[in-house]
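One structure is given below, encoded as structure tokens.
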Amino acid sequence: MAASITSGVTAALAALDFTPTLAVLVPTRDEATAWYVRSIERAARKVGIACRVVQLDDPTPAEVAARLDALSADPSVHGVICQTPLPAGVTLDEVGAHIDPRKDVDGANPASLGRLAAGLPTYPPATAAAVLEVLRHERVPLEGAHAVVVGRSTVVGKPAALLLLEENATVTVCHSRTADLAAVTSSADVLVVAVGRPGFVGAEHVKPGAFVVDVGTNPTPDGSLVGDVDHAAVAPVAGRLTPVPGGVGPVTTAMLLRHTANAAQVIAADG
Ligand code: NAP
């Protein structure tokens, strides 16, 4: 599915007479982040988007904000993202406000989330957009369906819930204080899991035949990734279950590139 999205991006870029640039601010040094950034660079190169990686070492909140201001003001940059994890004392909401909403291709500016909540055009966080793209691609009926999202982070749970609402699903959001989680999740036609705990969702959480989207990406000691869903237990119960790795992850990168291509088109049209 990621491949069909990226081929659409390549086609959209053919109409531009310049190469869009995605700036990736990396405010910490760690192997998982470096791996992810390399995968964005590779995917961007394939579709014809230039990637400018800006690595910072132990920056203060003010330094992160100043870099995002500078990238937002740079006319040669069309999309700006700030990689997590962030240094201690820095929050994404705080620094995200320094990304120009026109270039906010990963929906990090709280203004972008506000626009999403208001039903206005915006770039939702790429992972939440990827959840919806997977459901659309698989032609999962959403209108009138009960969609349950487990997790309420600003980057995944909340925007995914808002996007599902836009599709006329009846949406329930669960979190760590939800009473009797299994009673809620097992009534879901569509279950989106973004918790960050390996194998957290078991068969008892899933309605037979439900479509389950596993957003979790938890590193294992052997260097691979596992989701937030116990795949061996849930696969026999669910109607469909997205894989980890290879499900939402690659579609997230594809959505980031689609948003960058859109941003470049809009910025070019605005002059
Ligand atoms: P996060 O910010 O840590 O949020 C986790 C959410 O799970 C919180 O809302 C938390 O509730 C909830 N939660 C924790 N324990 C729970 C419990 N026992 N019962 C119910 N809810 C519980 O994590 P995130 O950034 O949203 O990421 C979630 C997962 O998605 C992680 O595995 C992450 O690696 C993955 N992810 C994947 C991609 C991708 O591209 N595929 C992108 C981003 C994230 P409270 O709010 O009450 O604390």
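Each ligand, and each atom within it, is numbered from 1 in the order the structure gives.
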Taking side-chain contact (heavy atoms from CB on, under 4.5 Å) as the criterion, tell me which of L181, V229, D228 meets it with V201.
V229
Quick one: nearest non-hydrogen protein atom to atom 42 (C) of ligand 1, plus distance?
T127 OG1, 3.0 Å
Which distance, rounded to the nearest 0.5 Å, do you find between the CG of L116 and the CG of L162?
5.0 Å
Just need the protein heavy atom nearest to atom 10 (C) of ligand 1, so name the residue and atom and give the distance.
S176 N, 4.3 Å
Give, for atom CG of D214 and atom NE2 of H231, the distance between the pair rounded to the nearest 0.5 Å.
4.0 Å
Please check if atom CG in D58 has more than 12 non-hydrogen atoms from other residues, nucleotides or ligands closer than 6.0 Å.
no
Logged contact type for N218 with ligand 1, heavy-atom cut-off 4.0 Å, is side chain
Within the distance-only criterion (no hydrogens, no angle test), does the side chain of T253 pair as donor or acceptor with the backbone N or O of I40 below 3.5 angstrom?
no
Test: R38 and E41 ion pair at under 4.0 Å
no
What do you reckon, does A194 put a non-hydrogen atom under 4.0 Å from ligand 1?
yes
Are V237 and F211 linked, directly or through intermediate hydrophobic residues, by side-chain heavy-atom contacts shorter than 4.5 Å (ILVMFWY only)?
no
Ligand 1 to R197 polar contact by distance, N or O atoms, under 3.5 Å
yes
Atom indices of ligand 1 within 4.0 angstrom of T252 heavy atoms, with elements
39 (C), 40 (O)
Counting from 1 in the order shown, the ligand 1 atoms closer than 4.0 Å to a non-hydrogen atom of V156 are 26 (O), 43 (C), 44 (C)
In this structure, does ligand 1 have an atom that sits under 4.0 Å from one of the heavy atoms of G249?
yes
Would you mind checking which non-hydrogen protein atom is closest to atom 20 (C) of ligand 1, with the distance to 0.1 Å?
H175 O, 3.1 Å
Considering the heavy atoms of G196, write down every atom of ligand 1 situated less than 4.0 Å from one of them.
28 (C), 29 (C), 31 (C), 32 (O)
Numbering the atoms of ligand 1 from 1, which are under 4.0 Å from a heavy atom of F200?
17 (C), 18 (N), 19 (N)
How does T217 reach ligand 1, by side chain, by backbone, by both or by neither, if only non-hydrogen atoms under 4.0 Å count?
both
Test of understanding: clusters of I, L, V, M, F, W, Y form through side-chain heavy atoms closer than 4.5 Å, transitively. Do I81 and V266 belong to the same one?
no
What distance separates L71 CG from L22 CG, expressed to the nearest 0.5 Å?
10.0 Å
Are the charged groups of D270 and R102 less than 4.0 angstrom apart, N to O?
yes
Short side-chain to backbone donor-acceptor contact, S72 and H98, under 3.5 Å:
yes
Can you list the atoms of ligand 1 that are under 4.0 Å from a heavy atom of V155?
25 (O)
My understanding is that we take every heavy atom of each candidate and find the minimum distance to atom 23 (O) of ligand 1. Doing that for T154, V215, D214, V195, which one comes out nearest?
V195
Considering only the protein, which heavy-atom contact is closest to atom 4 (O) of ligand 1, and what is its distance?
S153 CB, 3.8 Å
List every atom of ligand 1 that sits less than 4.0 Å from any heavy atom of G151, numbering the atoms from 1 in the order shown and giving each element.
6 (C), 7 (O), 9 (O)
Judged by heavy atoms only, the candidate from R177, K158, R152 nearest atom 8 (C) of ligand 1 is R152
